[in-house]
2 protein chains.
Amino acid sequence: MTALKNDRFLRALLKQPVDVTPVWMMRQAGRYLPEYRASRAQAGDFMSLCMNPEFACEVTLQPLDRYPELDAAILFSDILTIPDAMGQGLYFETGEGPRFKKVISTLADIEALPIPDPHKDLGYVMDAVSTIRRELNGRVPLIGFSGSPWTLATYMVEGGSSKDFRKTKAMLYDNPQAMHLLLDKLAQSVISYLNGQIMAGAQAVQIFDTWGGNLSAAAYQEFSLAYMRKIVSGLIREHEGRKVPVILFTKGGGLWLESIADAGADALGLDWTCDIGDARRRVGDKVALQGNMDPTVLYAKPEAICTEVGRILASYGKGSGHVFNLGHGITPEVNPEHAGAFLRAVHELSAQYHE
Amino acid sequence: MTALKNDRFLRALLKQPVDVTPVWMMRQAGRYLPEYRASRAQAGDFMSLCMNPEFACEVTLQPLDRYPELDAAILFSDILTIPDAMGQGLYFETGEGPRFKKVISTLADIEALPIPDPHKDLGYVMDAVSTIRRELNGRVPLIGFSGSPWTLATYMVEGGSSKDFRKTKAMLYDNPQAMHLLLDKLAQSVISYLNGQIMAGAQAVQIFDTWGGNLSAAAYQEFSLAYMRKIVSGLIREHEGRKVPVILFTKGGGLWLESIADAGADALGLDWTCDIGDARRRVGDKVALQGNMDPTVLYAKPEAICTEVGRILASYGKGSGHVFNLGHGITPEVNPEHAGAFLRAVHELSAQYHE
């Protein structure tokens, strides 16, 4: 494998010294970029982009070509590839969120779910990872990812997106055994899926727990964090002679940082409601932190964006252990020039915090 | 005025001894009740219910007639009465959220906004409060309420509901002076509006900061909490020889409880993501706590509802200072019998925690 030309991102996740704070953006390959919209139009739809390794590689690299400041690439895919591979039949209707043809509602439905084989059932993802890794040619590290078991379960039980997770919460409270069986199968699936991505070339992995923050404190521990801990302990942690850092990101999980920091991962993703300096004091030396600018700041003018970047850097303070990011995915309406101003500001304003 | 027959709610807010933990439900007069849907059909639409004091009184009392366990009544109204009285022209389209005919986007728009006179411009609310208070005849205390300045500002600038508060956040970051002027006018308006409600008969007031939890930690302090603090310091705190407790509820504010507890209010509302026992340890003796069962637990069976009520009571522990509630409003799809099981469980299971 080609040596990495820029390993700031991996170094910061392991709290090793860096020259400037590394930065990437969740959903950086996305609809705010005209080149992405063109590729998507050419592919036909979102899932065709994900399922074709050449297209997935093309859109993964687009933000890197536009923004030389980006310190990491992230696999272009969807968190719902696992439920799809379990036989639920994922589809997207124009202007709507994801939908499943088959919805999970009984213990029998859950018992019947297979654990997908990453190479047979999700080979297109493994192919995308290896293609992207080859085309990156050592420019920056490649991040693999998965949804968390709880987050995947909400889509599988609701049949798609939801406002209040009515059916999933009813199953959790009325039939916790069934919910635990579903989450356990998902944790097993995520372990082999992420290990497959690591073997195919992913140099770090992130688990997106997008909906964990909608649980009560007690339910979060039992139904989300416990399964992320299980995943972390099942992952390949070293590959190609290098550590493979794991990032856990629970949106809305700011109240529970101490316990998330104990789950065995190398870094925590933070949404923008946490003060990152407070978060650093709370988790101590255990983990690195990733985040956490409110993505809507990108709707403001570049001066305001720079001010907010400076505020977050100052709050984190001196030293490594911080990967700058947004607190959630970049939104389709953002002006790409504002995203560029954000990325440049991170590098320019952070040098003073590193020796 | 008639003496209160049940003052558990007011006593718990002031941490005075009670026999059982008092309980009410946010949005307890709402669409989950068939009698509410009938009144609404008769009135024609939602705003006609709010603007007619007899209808507002009728629906306020409906849950009390159905559930003898309820320890408080809450004025039936909408948080957007203030922007409407400022001249924005509130309306509701069927199946959609609230909308405004006039949207606020410039400093000039904000400078032109009047501070509404509660008696002239919002007299229908004052009439509703005095009508409900008379009809309650001392059964339980009556809660008045308002939206927080930040929460009201989001609707005024977006022109209605929003997913990411794009325009409001852009104004906050690009033009903080304009945003501060808007919030200051709203704080003044809320003070006279809530004082009007208190003089008309409200025996406690709650400020709903529904969208404060969507701000960054720093922006929350400056753009939401600062204005709630200002409101609290401007409110009438004693009336009819009794303290008028003030409750602040920031949904998603669990990270900031210590600073919210310092804002001068008597109690904090908690959503369900906080553990209430942790919250109690964090705020100490400063304030009472209100909350905090996940409202979706009401989709589960009564046994599961009772288990969850018991867990929250045990987490709070012994002694007064807890008003039981949901962590957010009850939803339209809930079975009214489940709501009844919830309310009964609070009284039955809480007696052991009081002397």
Side-chain angles (χ1 to χ4, degrees), chain A residues 162-176 212-221 250 252-257 270-279 282 291-305 307-308 311-312 315 327-329 331 333-334 338, chain B residues 162-176 212-221 250 252-257 270-279 282 291-305 307-308 311-312 315 327-329 331 333-334 338:
Chain A
S162 169
K163 260 181 92 167
D164 66 359
F165 310 106
R166 172 183 177 170
K167 294 177 194 167
T168 324
K169 296 272 188 80
M171 186 189 285
L172 183 159
Y173 286 105
D174 275 336
N175 200 348
N214 197 278
L215 289 166
S216 75
Y220 175 73
Q221 296 290 328
T250 293
L255 276 166
W256 314 316
L257 294 185
L270 298 178
D271 69 32
W272 64 93
T273 63
C274 277
D275 180 85
I276 196 167
D278 283 344
R282 287 169 58 199
N292 71 339
M293 192 174 86
D294 184 343
T296 63
V297 176
L298 297 179
Y299 295 134
K301 296 194 190 81
E303 303 91 282
I305 295 169
T307 304
E308 192 64 6
R311 200 188 57 69
I312 293 167
S315 176
H328 199 217
T331 46
E333 301 81 8
V334 165
H338 289 209
Chain B
S162 169
K163 258 181 95 166
D164 66 359
F165 311 107
R166 172 183 177 169
K167 296 177 192 166
T168 324
K169 296 270 188 82
M171 185 189 285
L172 182 160
Y173 287 106
D174 275 336
N175 201 348
N214 197 277
L215 288 166
S216 74
Y220 175 73
Q221 296 289 328
T250 293
L255 276 165
W256 314 316
L257 294 185
L270 299 179
D271 69 32
W272 64 93
T273 63
C274 277
D275 179 85
I276 197 167
D278 283 344
R282 286 169 58 197
N292 69 339
M293 192 175 85
D294 183 342
T296 63
V297 176
L298 297 179
Y299 295 134
K301 296 195 190 80
E303 303 90 283
I305 296 170
T307 303
E308 192 63 7
R311 200 189 57 72
I312 293 168
S315 175
H328 199 219
T331 45
E333 300 80 8
V334 165
H338 290 208

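Below, chain A is the first sequence line, B the second, and so on; all start at residue 1. Atoms considered below: every heavy atom in the structure, side chains included; atoms not considered: hydrogens, waters and symmetry mates.
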Any non-hydrogen side-chain atom of [X] less than 4.5 Å from a side-chain atom of [Y]?
X	Y	answer
A:Ser216	B:Thr273	no
A:Tyr299	B:Asp174	no
A:Asp294	B:Lys169	yes

Part of [X] lying under 4.5 Å from any heavy atom of chain A:
X	value
B:Glu333	both
B:Asn214	both
B:Thr307	neither
B:Leu255	both

Exam field: side chain B:Trp272 to backbone A:Ala217, donor-acceptor pair closer than 3.5 Å: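 No; judged by distance alone, with no hydrogens or angles, the pair does not exist.
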
Counting only non-hydrogen atoms closer than 4.5 Å, does A:Ser315 touch chain B with its backbone (N, CA, C, O), its side chain (CB onward), both, or neither?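 Neither; nothing under 4.5 Å.
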
Counting heavy-atom pairs under 4.5 Å to chain B, which of A:Val297, A:Asp278, A:Asp271, A:Asp275 comes out on top?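 That would be A:Val297.
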
Let's test your reading of the structure: which of A:Trp256, A:Tyr220, A:Phe165, A:Tyr173 forms the most heavy-atom pairs below 4.5 Å with chain B?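 Of the candidates given, the most pairs with chain B belong to A:Tyr173.
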
Chain A interface, residue from B:Gly253, B:Ala219, B:Gly254 that has the most non-hydrogen pairs under 4.5 Å: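 Top count of heavy-atom pairs under 4.5 Å with chain A: B:Gly254.
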
At their closest point, which heavy atom of B:Asp164 faces which heavy atom of A:Thr296, and how far apart are they? O-CG2, 3.2 Å

